[in-house]
There are 2 protein chains.
Amino acid sequence: MKYSDKSLLDRYIPITDWSKDYQFSYFKKDLRAGLTVGILLIPQSMAYAMLAGLPPVYGLYASIVPLLIYAIFGTSRQLGVGPVAIVSILVATGVGNIVETGSTRYIQLVLALTLLVGITQFLMGVFRLGFLMNFISKPVLSGFTSAAAFIIGFSQAGNLFGLDLVRSKYIYSVIADLISHLAHIHWPTFIIGASTIVFILVLKKWNPSIPAQLIAVIVSIFLVWAFQLDQIGVETVGSVEKGYPAPVLPNLSEFPFWELLPTVLAIAFLSYTQSIALAKAMVRRNPDYKVDSNQELFSIGLSNMVGSVFHAFPVAGSFSRTAVNDQNKAQTSISLLISALLVLLTVLLLTPLIYYLPQTVLAAIIITAVPSLVEVGEAKFLWKIRKREFILMMITFLATLALGILEGIGIGVLISLGIVIHRSSYPNIVMLGRLPDTEHYRDLERHPEGLTQTNTIIVRIDASLYFANIPYMKEKLEQLEIESGKNLEQVIIDAIGINKVDSSALHALKELTEEYNNRDIDVIFAGVKGPVRDLFKRSGLENIIGPEQFYLNINRAVDSLKDEEEEPSHLVEDQE
Amino acid sequence: MKYSDKSLLDRYIPITDWSKDYQFSYFKKDLRAGLTVGILLIPQSMAYAMLAGLPPVYGLYASIVPLLIYAIFGTSRQLGVGPVAIVSILVATGVGNIVETGSTRYIQLVLALTLLVGITQFLMGVFRLGFLMNFISKPVLSGFTSAAAFIIGFSQAGNLFGLDLVRSKYIYSVIADLISHLAHIHWPTFIIGASTIVFILVLKKWNPSIPAQLIAVIVSIFLVWAFQLDQIGVETVGSVEKGYPAPVLPNLSEFPFWELLPTVLAIAFLSYTQSIALAKAMVRRNPDYKVDSNQELFSIGLSNMVGSVFHAFPVAGSFSRTAVNDQNKAQTSISLLISALLVLLTVLLLTPLIYYLPQTVLAAIIITAVPSLVEVGEAKFLWKIRKREFILMMITFLATLALGILEGIGIGVLISLGIVIHRSSYPNIVMLGRLPDTEHYRDLERHPEGLTQTNTIIVRIDASLYFANIPYMKEKLEQLEIESGKNLEQVIIDAIGINKVDSSALHALKELTEEYNNRDIDVIFAGVKGPVRDLFKRSGLENIIGPEQFYLNINRAVDSLKDEEEEPSHLVEDQE
């Protein structure tokens, strides 16, 4: 179905569309999926809140309103929205650079950051700028994610071992500090944490449908409470505000905008790309609906914006919860509403219990998520088929580990931009010859049997011309002239592939024509498209070229040549 | 002649190439051009040094060694290298943000900055990254330059009126301050400055070959000396170090690298783009040699690097002096050496006279250069033929005026990058039909008479596939399927235009094929090029598609179809 066939309401608020066909049989599946995801979400969200440097209860806050908003506005019906690891570590790194982690001011800044992330995504959706999100190369992103996984893992070393380690963006500082503190490991803490890791990993292998993380949370709360382990130094989450705090609009007036701009952009970008990738993967498995990239940007943005008022930190689609949601056959985002309801009940009724939850258990939950983020498979794939992209992945991976997570993504962006600019700078431009016994002109490099004219080269430009590829076009024309080995009297430019020209291209074509004319070489255009021809006319370029030098196609242009004879091509080898 | 035909020495040190054919008749022209440019260079360079916030004598220093180096390594034979206005104002803005203008520390920072600008350009030349300089759109650059011209002009208001005005990057602060000080104008200063402006402009109109600027400098020095105008408050250049100071390697150890990085990059970029644009314009007028973009980056970089050791601030090709050099028929960069020699003699013998040079005269020289930088012609051209690019130019123009010169160029870069990414994201993808009575398959939108198959669409992709254009490719295929109005059983992809694929493209094609196969649609490839096919094979994509689904060209692919009949196309109109 096409979006344009839908009413605006159905398009921008998808719930109004799919709810019309909602059936009771869907609800049974949605209920089951929603409860299963909710059971996973409660421990995960608290763990990721801790990763983000926030009190764990904020993870629960981030798992209610954003899910509700996404259920209404999102186009994916299986996406498990909520706190995710990479976004959480970015929050901790960005805001932790500015104020002390966990302080009241820290929490205020995180909520304001969430609002700005949401506004950024929302506006990009409104202005249909989703295409800007395409420009990070996949290997760069894989390298970044894999390195971030290590940083996430090591960020929890202190909680796992019961040590007070340095907070540093450099993973080696954390490791060094850990080694120097090895003698002071708090063994009860470490034993609880380590056994949680083992428990989760074993259960995941043995029977993934058992909610290992929730069991670990419940058991550990019980153990701490029963044996008063908090009295012997096992750090727990501690006292939690009762009930759901009243909504507050985050205060942007004292927000250090320029300092946190890279963090806002990085989170806006990563939270969206991860969500849209998952949403598209879900559509491939459930091809009965469509995902719209701009609507997703818009709905994730709205989830973060509205969420921030309700004390949520930035959310995205989660790999693990989306997979569980889909395995349990969620039919619509009603399942998200059910998960949110479960979390809301927890906040309203069970927060007193969270007091006893040991931090080491949350650390264990985070650490067990690390392996799935390290993209070894992608690295092997690239190593096998594209060494260059493998190197790109490794550069980003090592840069992120060595310099820090924000710097790593900065370098990834720069490398990707370099690739895009490089690609854009080199359009395909080929010299043509006539295939014997046909009327077709084809690339001489691929068809060396093509026939050429005595003093003429025919060149096809396969791209719209604009400022980024103009310099190369001029160089390439010179190079083709040399390769042709001809004493040039005419250049025929096949412009059939040029859909657009900008002002730089018009200037450049003017200069080019003048240069050729100075050398007594005629410039002839074939197959110039209507809109392009119109710009040639209005800019005065047509008069410089000469209105009689335009032909409908190459054949007619060649027929117009005088004193020319066909000859086999004998290209001069390029020495470079 | 091709570069590859030249020896490495001739290529990288062009002077060794052209000096072989040097003739006495050239020397006469070079001498005349060199002296004329030198006479222009002496006052201009001092004025631009003042614009850069440096003692005027530094302009002379910047007009000796950099010219010498460029003469040896540069490929242009007419380029008038030396201090230029835009680069000078960038120096003042960037370094002036950090330390007080004109202080010893300021001078040290400027020299270190020059070294870094040179290193940046040199390395970009070595790594052949010149293409990165293409990515600023011409209208954006025109808007920036025009706004910078106003900023340059107003920066001299204080010197012209003999007032001590605020140094601000905001032009309106300067104007407001000027208005509030109007009552305190130092009239003798203003009269000298204003009459210099009138004198230069009138002489330029009447007879451009008279060195108005030098005359103004000499006359004003004489007047100040004779009537002791410095005693009544006419600010002069003041005492100048005698002779040429000993070379010193700039100290980079305390350089505020991150703070000045945008300035370094902006200057490296602008000094190069201005130089290469002029060098190319000169080659169009003197087509007996070639300009090599990377060698230019390398030689301008070397001029700045070595220059910084000899107390030079960043240089570039100057519009006015290049034009004068060419009008005087400079044959080789021997003319540059002669200009440099003239400046050297001035430094060694005439610096005591500079003591009496009034700053208002230098301000007048700067102000008379402003009109040539305001690109009214380009604005009119864009207004006439491309409103969109006109708007781009205006946005950059206004942003630069409103936010400052570095911010303006930052915004220009962002807009240009947005355009490049946008262009890269939308490759040309069209649906094909067979032209009746031929074997040719052509774009159905341009040839609606084309014949199609009952349940098959044929799609041609006209670009190499990589991460930036992959998302659009998938959307476009969906859209074409809807437009075709067919109940799809096969998709034929004409891959003749795909020269390269990256790993993202391989992943995407794999997903695409799986999606089609899930819907019982066969994916057939025609005309896949060798290297692309090889990657299909090694990545496992070929097996997913099915090795039997590859055909040499569309005709063979169509011949292989079963139960298909030809029919006229009846495209469904796109509602959007």
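Heavy atoms only: backbone and side chains are in, while hydrogens, waters and symmetry mates are out. Quick note on labels: first sequence line is chain A, next is B, and so on, each numbered from 1.
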Assert top hit (heavy-atom pairs under 4.5 Å, partner chain A, pool B:Glu478, B:Lys384, B:Arg423) equals B:Arg423
Return the option, out of A:Ala281, A:Ala468, A:Ser137, with the maximum number of heavy-atom pairs under 4.5 Å with chain B. A:Ser137
Would you check if B:Ile429 and B:Leu480 make a side-chain contact, meaning some heavy-atom pair closer than 4.5 Å? yes
If the threshold is 4.0 Å, N to carboxylate O, is there a salt bridge linking A:Lys280 and B:Glu511? no
Residue, of A:Glu514, A:Glu475, A:Arg446, that accumulates the most heavy atom pairs under 4.5 Å with chain B: A:Arg446
Within 45° of the six-membered ring axis of A:Tyr441 and under 6.0 Å from that ring's centre, is NZ or CZ of A:Arg460 located there? no
Modelled atom types, side-chain donor and acceptor of A:Ser424 and B:Ser424, under 3.5 Å: yes
Counting heavy-atom pairs under 4.5 Å to chain B, which of A:Arg388, A:Arg285, A:Lys138, A:Lys474 comes out on top? A:Lys138
Among the options A:Glu378, A:Arg519, A:Lys500, pick out the one with the most heavy-atom pairs lying under 4.5 Å from chain B. A:Glu378
Contacting moiety of A:Phe381, where chain B heavy atoms sit under 4.5 Å: side chain
Tell me, side chain or backbone of A:Ser539 under 4.5 Å from chain B's heavy atoms, or both, or neither? both
Quick one: do the A:Thr75 and A:Glu296 side chains pair a donor with an acceptor below 3.5 Å? yes
Checking B:Gln295 now: which residues fulfil side-chain hydrogen bond (donor to acceptor under 3.5 Å, both in side chains) with it, not counting sequence neighbours? none
Student check: side-chain heavy atoms of B:Leu465 and B:Ile470 closer than 4.5 Å: yes
Portion of A:Val501 that has a non-hydrogen atom of chain B nearer than 4.5 angstrom: backbone
A:Tyr426 versus chain B, heavy atoms under 4.5 Å apart: side chain, backbone, both or neither? side chain
Flag side-chain contact, heavy atom, 4.5 Å: B:Tyr516 against B:Glu481: yes
Under 4.5 Å to a heavy atom of chain B? For A:Arg284 that would be both
Please determine, among A:Asp462, A:Leu506, A:Ile419, A:Asn518, the option with the most heavy-atom pairs under 4.5 Å with chain B. A:Ile419
Measuring heavy-atom distances to chain A, does B:Arg538 have an atom under 4.5 Å in its side chain, in its backbone, in both, or in neither? both
If one checks every heavy atom of B:Ile496 against chain A at 4.5 Å, the contacting part turns out to be side chain
Close side-chain approach of A:Ile136 to A:Phe269, heavy-atom, < 4.5 Å: yes
Give the member of A:Leu417, A:Asp502, A:Asn428, A:Leu382 that has the highest number of heavy-atom pairs under 4.5 Å with chain B. A:Asp502
